[in-house]
Amino acid sequence: MSEDVLELGPFRFSSRLFVGTGKYRSVEETEAALVASGAEVITAAIRRVDLNDRSEGSMMRLLSSKRWTLLPNTAGCYTAEEAVRTLRLARELGIADIVKLEVLGDPKTLYPDNEQTLEAAKLLVKEGFVVLPYCLDDPIVCRKLEDLGCAAVMPLAAPIGSGLGIRNPYNLRIILETVKVPVIVDAGVGTASDAAVAMELGCHGVLMNTAIAHAQRPVLMAEAMRGAVQAGRQAFLAGRMPRRLHANASSPEAGLIG
């Protein structure tokens, strides 16, 4: 397992758990959960963080500590223009080698806008960004994003922040068959078993925020998610036993005492 790394463009990571930094009760709780998760990549909404405040105890001080690879995201953007401008700003600040592209279609469902996401992805890839786009669990959209040069695709499991878990595992399986770039489940995970299922399907990673931040004990949930992602990945690599309709004795039947 020590050689089982996730490759995203020029980046290589041992942890397949990506963790968001919003919705926690304090910066101190955020830090404790990030550490407990074992994540190497953390994501933050550039439009919702005070980029100029790097004082002791500030969120930007934590994000710029170099303990994690920062994945700036474009949460809150509703057009390709907004998203591209946001990430160009992040690049100017030196925090945007690898980015999460998120272009929303409406504020109620927070579903991504396919057209705007594709348009923004095309521009960002051309400008040299390593792009990880949040998208619907649509194999065609995922294929188009791969064709544009995105380093991975990030289909949702369920609506953002819903905690509903994997609603359509069959679409995820089709996506895994359709694209060659890594598939990272983004949005909808609610508990550890959801993360394990995603990994057992063959997904290459899981990104989550609310499932940890809104748990009754966020740090403990972060530890649980760490174990779930690792266990799910190991189970996928091990290959599960075939499903059978009827029982199959565990003990050998030959040589029974008469």
Margin query: In the structure I gave you, are the side-chain heavy atoms of Leu156 and Pro112 within less than 4.5 Å of one another anywhere?
Written below: yes
Note to self: Using only atom types and a distance under 3.5 Å, with no angle test, would you say the side chain of Thr86 pairs donor to acceptor with the backbone of Glu82?
What the structure shows: yes
Check: Can you find a pair of side-chain heavy atoms, one from Val183 and one from Pro155, that are under 4.5 Å apart?
Finding: yes
Check: For the residue pair Glu29 and Ser26, what are the closest heavy atoms and their distance?
Finding: N-OG, 3.0 Å
Next item on the list: Working to the nearest 0.5 Å, report the span between CD1 of Ile160 and CE of Met208.
Entry: 14.5 Å
Check: With a 4.5 Å limit on heavy-atom distance, are the side chains of Tyr134 and Val103 in contact?
Finding: no
Notebook entry, point to check: Between Val185 and Val189, what is the shortest heavy-atom contact and its length?
Noted result: CG1-CG2, 4.4 Å
Notebook entry, point to check: Is there a donor-acceptor contact under 3.5 Å from the side chain of Thr43 to the main chain of Leu71?
Noted result: yes
Next item on the list: Look at the side-chain heavy atoms of Ile, Leu, Val, Met, Phe, Trp and Tyr, link any pair under 4.5 Å apart, and say whether Val19 and Ile95 land in one connected group.
Entry: yes
Notebook entry, point to check: If you take all heavy atoms of Val5 and Arg12, which pair is closest and at what distance?
Noted result: CG2-NH2, 3.3 Å
Notebook entry, point to check: From Ile175 CD1 over to Ile140 CD1, what is the distance, rounded to the nearest 0.5 angstrom?
Noted result: 9.5 Å
Item checked: Spacing of Asp138 atom CG and Lys144 atom NZ [to the nearest 0.5 Å] -> 8.5 Å
Check: Are Leu62 and Ile46 in one and the same hydrophobic cluster, where Ile, Leu, Val, Met, Phe, Trp and Tyr link if side-chain heavy atoms are under 4.5 Å apart?
Finding: yes
Margin query: I'd like to know whether Leu87 forms a side chain to side chain contact (heavy atoms under 4.5 Å, CB included) with Arg91, so could you lay out the CA-CA distance, the side-chain angles of the two residues, the decisive distance to 0.1 Å, and finally the verdict.
Written below: CA-CA 6 Å; Leu87 292 177; Arg91 170 176 272 177; over 6 Å; no
Margin query: For Glu177 and Arg173: C-alpha separation, side-chain torsions, deciding distance, then whether salt bridge (charged side-chain N to carboxylate O under 4.0 Å, His left out) applies.
Written below: CA-CA 6 Å; Glu177 293 176 358; Arg173 287 174 61 184; 5.5 Å; no
Check: Mind checking whether Pro182 and Leu6 have side chains closer than 4.5 Å, heavy atoms only?
Finding: yes
Checklist line | Linked, directly or transitively: Trp68 and Val99 (ILVMFWY side chains, under 4.5 Å) | finding: no
Checklist line | Criterion side chain to side chain contact (heavy atoms under 4.5 Å, CB included) against His204, the qualifying member of Leu176, Val153, Val181 | finding: Leu176
Next item on the list: Please check if atom CZ in Arg240 has more than 12 non-hydrogen atoms from other residues, nucleotides or ligands closer than 6.0 Å.
Entry: yes
Checklist line | Interatomic distance, Glu81 atom CD to Leu123 atom CG [nearest 0.5 angstrom] | finding: 10.0 Å
Check: Is the side chain of Glu223 donor-acceptor paired with the backbone N or O of Ala36 at a distance under 3.5 Å, no angle test?
Finding: no
Margin query: For residues Ile42 and Val35: do they belong to one hydrophobic cluster (side chain heavy atoms under 4.5 Å, members Ile, Leu, Val, Met, Phe, Trp, Tyr)?
Written below: yes
Margin query: Does anything in residues 108-128 form a salt bridge (Lys or Arg N to Asp or Glu O under 4.0 Å)? List the pairs, not counting sequence neighbours.
Written below: Arg88-Glu127
Item checked: Value rounded to 0.5 Å, distance of CZ in Arg143 from OG1 in Thr178 -> 7.5 Å
Next item on the list: Mind jotting down which residue pairs meet the salt bridge (Lys or Arg N to Asp or Glu O under 4.0 Å) criterion with at least one end in residues 181-197? Sequence neighbours excluded, please.
Entry: Lys100-Asp186
Note to self: I need the minimum non-hydrogen distance between Tyr78 and Asp106, along with the two atoms involved.
What the structure shows: CE2-C, 3.7 Å
Notebook entry, point to check: Are the side chain of Thr69 and the backbone of Val41 linked by a donor-acceptor contact shorter than 3.5 Å?
Noted result: no
Checklist line | N/O donor-acceptor pair under 3.5 Å between Asn73 side chain and Ala44 backbone | finding: yes
Margin query: Let's go through Leu136 and Tyr111 carefully: what are the C-alpha distance in whole Å and the side-chain angles of both, what is the deciding distance for side chain to side chain contact (heavy atoms under 4.5 Å, CB included) to 0.1 Å, and is it a yes or a no?
Written below: CA-CA 7 Å; Leu136 293 172; Tyr111 277 152; 3.9 Å; yes
Item checked: Ser15 side chain to Leu17 backbone, donor-acceptor under 3.5 Å -> yes
Margin query: Show the nearest heavy-atom pair for residues Pro218 and Ala213, with the distance to one decimal.
Written below: CG-O, 3.8 Å
Notebook entry, point to check: Would Val197 and Val229 show up in the same hydrophobic cluster when neighbours are defined by side-chain heavy atoms closer than 4.5 Å?
Noted result: yes
Next item on the list: Under the side chain to side chain donor-acceptor pair (under 3.5 Å) rule, collect the residues that match up with Thr117, sequence neighbours excluded.
Entry: none
Next item on the list: Indicate yes or no: at least one non-hydrogen side-chain atom of Leu148 is less than 4.5 angstrom from one of Val131.
Entry: no
Margin query: Using side-chain heavy atoms (C-beta onward) and a distance below 4.5 Å, is Cys135 in contact with Leu145?
Written below: yes
Next item on the list: Give the C-alpha distance, both sets of side-chain angles, the deciding distance and a yes or no for side chain to side chain contact (heavy atoms under 4.5 Å, CB included) between Met225 and Ile212.
Entry: CA-CA 8 Å; Met225 293 299 190; Ile212 296 176; 4.0 Å; yes
Note to self: Please evaluate residues Tyr24 and Asn209 with respect to the criterion side chain to side chain contact (heavy atoms under 4.5 Å, CB included), reporting the C-alpha separation (whole Å), side-chain torsions for both, the decisive distance (0.1 Å), and the verdict.
What the structure shows: CA-CA 9 Å; Tyr24 291 92; Asn209 187 175; 3.9 Å; yes
Item checked: Interatomic spacing from OG in Ser14 to CD in Glu3 - rounded to 0.5 Å -> 10.5 Å
Item checked: Nearest heavy-atom neighbours spanning Ile174 and Pro139 -> CG2-CG, 3.5 Å
Note to self: For Asp137, is there an ion pair with Arg167 - N to carboxylate O distance below 4.0 angstrom?
What the structure shows: no
